[in-house]
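Reading through the C-alpha cells given below for one structure.
Residue numbering restarts at 1 for every chain, and letters A, B, ... go by the order of the sequence lines. Computed from a prediction, not measured in an experiment: that's the story for all the values here.
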Amino acid sequence: MKKITITFPDGSKQEFDSGSTGGQIAETISRGLAKKALSVSVNGEVWDLARPITEDATVKILTWENPEGKSTYWHSSAHLMAEAVETLFPGAKFGIGPAIENGFYYDIDMGEHSLTNEDLSAIESKMVEFANRDVPYKREEVPWEHAVEYFTKKGDQYKLELLDEFKGQKISMYHHGNFTDLCYGPHLSSTGKIRFIKLMSVAGAYWRGNEKNKMLQRIYGITFPSKQELDEYLFRIEEAKRRDHRRIGAEMELFLLTPKVGSGLALWMPKGTVIREELEKFLRDEQRKRGYQPVVTPHIANLELYKTSGHYPYYKDSQFAPITMESGEQFLLKPMNCPHHHQIYAARPRSYRDLPIRLSEFGTVYRYEQSGELNGLIRVRGLTQDDAHIYCAHDQLKEEIKQTVELTQFVFHTFGMEVSTRLSFRDNKNTEKYGGDMAFWEQAEREIKEVADEMKLDYFVGIGEASFYGPKIDFMVKDAIGRTWQLGTVQVDYVMPERFQLEYTGSDGLKHRPVIIHRAPFGSFERFIGILIEHYAGEFPLWLTPVQTVVLPITDAQAEYGIKVVQDLKNAGIRTELDDRNEKIGYKIRDWEMKKVPYMLIVGEKEKASGTVSVRQHKKGDLGGIALETFISQIHEEVANKSITV
RNA sequence: GCUGGCGUAGCUCAGCGGUAGAGCAGCGGUUUCGUAAACCGCAGGUCGUCGGUUCAAAUCCGACCGCCAGCUCCA
C-alpha cells in the first residue's frame with residue numbers, strides 16, 4: 001500500500017496509507033478531536049472528512065473553533081434547509097445557498113407562493129426532523145453532461161445556468177437524504193451534527209445579485225452545535241435591537257424623522273444638538289491645531305460647477321433634481337462640498353509657499369438616496385460632512401496623508417472604538433467606472449500603500465471600493481458589541497485638480513498641479529451620531545451627554561437649595577436640570593436612571609445643612625455625600641479627559 | 001427602485017365584520033416622602049390616506065403614503 005506523508009499545523013509529520021481520510025487522521029490524533037471535527041483543510045483547500053487523501057499534504061482538522069469549520073457546518077445546514085423546503089414545497093427551484101458570516105441562506109424560486117412566518121416554522125421543524133435522521137452527506141463527481149441531465153429533468157434552470165460556466169469539467173454533486181445539489185462542498189459527515197436550528201427571516205434577493213434578474217426568496221437561518229450558543233446569538237440580536245439608535249433617539253429626544261418633513265431628513269432636537277455641537281467643537285479644535293482653515297459655502301450652486309467636477313452626470317440618479325429658473329439658469333442642491341472648496345483655492349494665484357492649504361467645513365449636502373436605502377440616521381438624504389480638502393504639492397502628499405490618518409485614528413480612539421483600515425482601490429476589470437488618467441491612479445494607489453506600510457497600518461485591500469475620482473483609505477470601526485461600520489475616509493485625488501485646472505507656481509517659476517486629499521473622519525454627523533448612539537447604547541461619555549447632572553430635592557423644603565445647586569452647576573458650565581416634581585425620591589431616581597443621566601445629585605435636609613450633594617452615578621448607584629465644589633471639579637476633570645465610561 | 005412584512009392614544013400593545021380598550025407617559029388633586037414605580041381622578045384616537053365590498057369596516061378587498069427587513073446602490 002502506498003504511503004503518504006501528512007504535515008500538521010505544528011510542523012510535525014506522520015505517515016498514513018494513501019487514501020486515508022481527514023476523519024481517519026483525526027481519529028489517530030484523538031477521539032475528542034475526531035468527535036469535534038467538521039471538515040479538514042488539505043493544502044489550504046477545505047475538504048469533507050470522508051474524502052480520501054492520496055498525496056502528501058499539509059492537513060489541519062477543522063472544528064467549530066475555525067471559521068472554515070463553522071462555514072462547513074452552515075453550508076451543510078443550508079442543504080438541510082433546502083431538503084426541508086423541497087419536501088414541503090415540491091417544485092421549488094434553488095439558486096445558491098452559501099454559508100455567511102452569521103449562518104447561511106438559500107435563494108429559492110417558490111413560483112407564486114410567498115413564504116410566511118408559519119412556513120418558516122414548518123421548514124424549521126422539518127429540518128430538525130431531517131437532522132435527527134442523521135444521514136450522511138455524500139460527495140459524487142460526475143461528468144458535466146450527467147449533471148446537466150439531472151437538473152434538466154428536475155427543471156432547475158438556476159442550477160443549469162450555474163453549470164453553463166463549468167462546461168466540460170467534472171462536476172461535484174452532494175447527496176443527503178432525498179436531496180441532491182450541485183455543490184463544491186465541503187460538507188459535514190452527517191446531518192446529525194446539526195443540532196440547534198433557527199430560521200431568522202425571509203427576504204427578496206435578485207438572482208445573482210443583478211436587479212434585472214428575477215427576485216428569489218432568500219431564507220436566512222443559523223444553526224449551532226449547542227443550545228447555549230444559539231441562545232447567546234439570539235441574545236446578541238436582542239442587544240442590537242436594544243441599542244437601535246432610532247429607538248434610543250426617539251426616547252432620549254435626540255432627533256426626529258417625520259414624513260411631514262420628508263424621508264431621510266432629520267431634525268435635530270435640543271438634546272441631540274448638544275451632542276452634535278460637542279462633536280463639532282472637538283473636531284474644530286483638533287483641526288485648528290493641525291493647520292486647517294474653516295470655510296463656509298452655500299447649500300446650492302450652479303449646475304455647471306457639478307458638470308465640471310463630473311459629479312452631476314455620474315451621480316445624476318442619486319441627486320435631487322436641478323432647480324431651473326425662468327432665465328434658464330440651473331442650480332443643484334449640493335451633493336458634495338469639494339467643488340466649492342476648489343473655487344476658494346482657485347480664487348487667486350497660489351504659490352508653493354502657500355501649500356499645503358487645508359480648507360475645512362461642516363458642509364451640509366443633499367443626496368437623493370433610494371427609498372429602500374434610508375435607515376434612521378445611518379443613511380439619510382440631508383447630511384453634514386466633517387469635510388476638508390487639502391491642496392498640496394506632490395512632494396507633500398505622503399506627509400499630509402499620514403497626518404490625516406493620524407487625526408482619524410486619534411478621533412476614533414477618543415470614542416473608544418477599535419479601528420481597522422481598508423485600502424480601497426479600483427477594480428482593473430471595470431475601468432469605465434473611474435475618471436481620470438489611469439497613470440495617476442497607479443501613482444495614487446502606490447503612494448497610499450507606501451504610506452500605509454510606512455505607518456505600519458494593519459490594513460487590507462478592497463478591490464473595487466475606490467471612488468470615481470481616486471483611491472481611498474477607509475476606516476472601519478468596531479463598536480461595543482463587535483459590529484463593524486465604515487466611517488472615516490481619506491482619499492487621494494489627481495482628477496479634480498485636472499478638471500478644475502487648479503495650479504500653483506513652483507519654486508522653478510513654472511505652473512504645477514496640486515494634489516487634493518479629501519478627508520472626513522466622522523463621515524457625516526448623522527451617520528456618526530447614529531453609530532455612537534448604538535456604540536454607547538445611549539449612555540454617552542460625560543463630555544457628550546446632553547444632560548450631565550440632574551438635581552433631585554427630596555421634598556419641597558429643599559427646593560430652594562436645589563435651585564442654588566443647579567445655578568452653581570450651570571455657572572460652572574455643567575449641563576444640569578432640576579427635578580422638583582412632587583414625586584417620591586425613588587420615583588425620580590428610576591425616571592432619571594432610565595433617561596441615562598450620568599449623575600443624579602440628591603439633596604435633602606442633610607445636604608442642605610452641610611452644603612453638600614449626595615451623588616448617585618448612573619448604573620453604579622449611591623456614591624455618598626460630597627461638597628458641591630469637589631463634585632464640580634471632578635466633573636470638570638472627567639469632561640476635560642473625555643473619559644469613556646463604556 | 002425591487003421583494004416581503006407592518007401602520008390602532010405621545011410610547012408599548014390588545015381588539016380582527018356589530019357603539020374603540022389596557023399599561024406607561026400627560027394633566028388635576030391628595031400625599032412632602034432618603035437612593036429604580038405613593039394614591040385617587042381626568043383627558044387623550046375620523047384605527048396611515050383614499051376608494052371599494054357590506055344593512056354594518058379598525059377588522060374583508062384595491063391603490064397610494066410611511067416604516068421595518070433584505071436585495072440593488074452609496075461621491
**Request:** List the steps and the verdict of ring pair (Phe, Tyr, Trp, His ring centres under 6.0 Å) for A:Phe89 and A:His113.
**Result:** CA-CA 9 Å; A:Phe89 303 93; A:His113 181 75; 5.2 Å; yes

Evaluate the ring pair (Phe, Tyr, Trp, His ring centres under 6.0 Å) criterion for residues A:Phe525 and A:Phe522: first the C-alpha distance (whole Å), next the side-chain angles of each, then the deciding distance (0.1 Å), finally the verdict.
-> CA-CA 7 Å; A:Phe525 284 94; A:Phe522 295 159; 5.5 Å; yes

(request) Let me see the working for A:Asp387 and A:His341 under side chain to side chain donor-acceptor pair (under 3.5 Å), right down to the final yes or no. (result) CA-CA 10 Å; A:Asp387 212 356; A:His341 294 182; 5.3 Å; no

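The residue A:Lys606 sits close to a base: some heavy atom pair falls under 4.0 Å.
Per the geometry, NZ belonging to A:Lys212 stands 16 Å off P belonging to B:rU3, to the nearest Å. Atoms CG (A:Leu256) and P (B:rC11) sit 11 Å apart, rounded to a whole Å. Note: CG (A:Asp109) to C1' (B:rU3) measures 13 Å, nearest angstrom. Atoms CG (A:Asp317) and P (B:rA75) sit 14 Å apart, rounded to a whole Å. Between A:His618 atom NE2 and B:rA36 atom P the separation is 14 Å, expressed in whole Å. With rounding to whole Å, A:Tyr587 atom OH is found 13 Å from B:rC39 atom C1'. Atom pair A:Met252:CE and B:rA25:P shows a separation of 19 Å (rounding to whole Å applied). We find that CD1 of A:Ile602 is positioned 12 Å from P of B:rG34, with the value rounded to whole Å.
Base pairing analysis places B:rG23 opposite B:rC11; the two distances defining the Watson-Crick or G-U wobble pair are each below 3.5 Å. Across all strands shown, nothing is found opposite B:rA43 as a Watson-Crick or G-U wobble partner with both distances under 3.5 Å. Judged by Watson-Crick or G-U wobble contacts below 3.5 Å, the nucleotide B:rC73 has no partner. Of the nucleotides present, B:rU30 is the one that pairs with B:rA38 by Watson-Crick or G-U wobble criteria, both distances under 3.5 Å. Both distances falling under 3.5 Å, in either a Watson-Crick or a G-U wobble arrangement, occur for no nucleotide opposite B:rA57. Applying the Watson-Crick and G-U wobble criteria (two distances, each under 3.5 Å), B:rC50 pairs with B:rG62. The pairing partner recorded for B:rC16 is none, the criterion being a Watson-Crick or G-U wobble arrangement whose two distances lie under 3.5 angstrom.
Regarding contacts with the backbone of B:rC74, every side-chain N or O of A:Ser318 stays at 4.0 angstrom or more from both OP1 and OP2. Phosphate contact (OP1/OP2 of B:rU12, side-chain N/O of A:Arg247, threshold under 4.0 Å): absent. A sub-4.0 Å separation between OP1 or OP2 of B:rA69 and a side-chain N or O of A:Asn375 is present. The phosphate of B:rG5 has neither OP1 nor OP2 within less than 4.0 Å of any side-chain N or O from A:Ser201. One finds no side-chain N or O of A:Tyr366 lying less than 4.0 angstrom from the OP1 or OP2 phosphate oxygen of B:rA75. Note on A:Arg246: a side-chain N or O is less than 4.0 Å away from OP1 or OP2 of B:rA69. An OP1 or OP2 oxygen of B:rC74 is reached within less than 4.0 angstrom by no side-chain nitrogen or oxygen of A:Arg367. Here A:Tyr220 does not reach the OP1 or OP2 of B:rG4: none of its side-chain N or O atoms lies under 4.0 Å away.
Ring orientation note: the planes of A:Tyr306 and A:His340 are tilted relative to one another, at an angle of 30° to 60°. Between A:Phe255 and A:Trp268, the two ring planes are tilted [angle within 30° to 60°].
Only the C1' atoms considered, B:rG29 is 40 Å distant from B:rC67, to the nearest whole Å. Between B:rG10 and B:rG44, the distance separating the two C1' atoms is 10 Å to the nearest Å. B:rA57 and B:rG52 have their C1' atoms separated by 11 Å, given to the nearest Å. Taking atom P in both B:rA58 and B:rU53, one finds a spacing of 16 Å when rounded to whole Å. Nucleotides B:rU59 and B:rG7 place their P atoms 11 Å apart, quoted to the nearest Å. Taking atom C1' in both B:rA9 and B:rG1, one finds a spacing of 35 Å when rounded to whole Å. Nucleotides B:rG23 and B:rA43 are separated by 14 Å at their P atoms, to the nearest Å. When the P atom is compared between B:rC39 and B:rG66, the two are found 44 Å apart, to the nearest whole Å.
Of the candidate nucleotides B:rA75, B:rC71, B:rA36, B:rA75 has the atom lying nearest to any side-chain atom of A:Tyr315. Of the candidates B:rG1, B:rG4, B:rA36, the closest approach to any side-chain atom of A:Glu593 belongs to B:rA36. Of the candidate nucleotides B:rG1, B:rA38, B:rA36, B:rA38 has the atom nearest to the side chain of A:Glu583. Candidate nucleotides B:rC67, B:rC33, B:rC73 were compared by shortest atom distance to the side chain of A:Ser263, and B:rC67 ranks first. Nearest to the side-chain atoms of A:Pro259 among the listed nucleotides B:rA75, B:rG66, B:rG34 stands B:rG66. Closest to the side chain of A:Gln319, out of B:rU35, B:rG26, B:rA75, is B:rA75. Nearest nucleotide to the A:Arg590 side chain, out of B:rG70, B:rA75, B:rA37: B:rA37. The side chain of A:Ser614 approaches B:rG34 more closely than any other nucleotide in the set B:rG26, B:rG34, B:rA69. The listed nucleotides are B:rG70, B:rG34, B:rC74; the one nearest the side chain of A:Met215 is B:rG70.
Within 3.5 Å, no donor on the side chain of A:Gln217 pairs with an acceptor on the base of B:rG70, nor the reverse. In terms of polar N and O atoms assigned as donor or acceptor, the side chain of A:Arg527 never comes within less than 3.5 Å of the base of B:rC74 in a complementary pairing. Judged by atom type and distance alone, A:Arg218 does not reach the base of B:rC71 through any side-chain donor-acceptor pair under 3.5 Å. On a pure distance criterion of 3.5 Å, no polar donor-acceptor pair joins the side chain of A:Tyr368 and the base of B:rG1. On a pure distance criterion of 3.5 Å, no polar donor-acceptor pair joins the side chain of A:Ser309 and the base of B:rA75.
Lacking a ring centre under 5.5 Å from that of the base six-membered ring together with a plane angle below 30°, A:Tyr314 does not count as stacked on B:rA75.
Residues A:Asn375 and A:His245 have side chains in contact (heavy-atom distance under 4.5 Å, counting atoms from C-beta outward).
Remark on RNA chain B: of its neighbouring residues A:Leu216 and A:Val603, the 5'-side contact belongs to A:Leu216, judged by nearest-heavy-atom nucleotide.
In summary, of the residues considered (A:Phe94, A:Trp74, A:Tyr220), a ring pair (Phe, Tyr, Trp, His ring centres under 6.0 Å) with A:Tyr105 occurs for A:Tyr220 alone.
No hydrogens or angles considered: a donor-acceptor pair under 3.5 Å links the side chains of A:Gln491 and A:Tyr469.
The cationic group of A:Arg381 lies under 6.0 Å from the six-membered ring centre of A:Tyr368 and within 45° of the ring axis, placing it in a cation-pi geometry.
Atoms CE and CG, on A:Met81 and A:Leu199 in that order, are 6.0 Å from each other to the nearest 0.5 Å.
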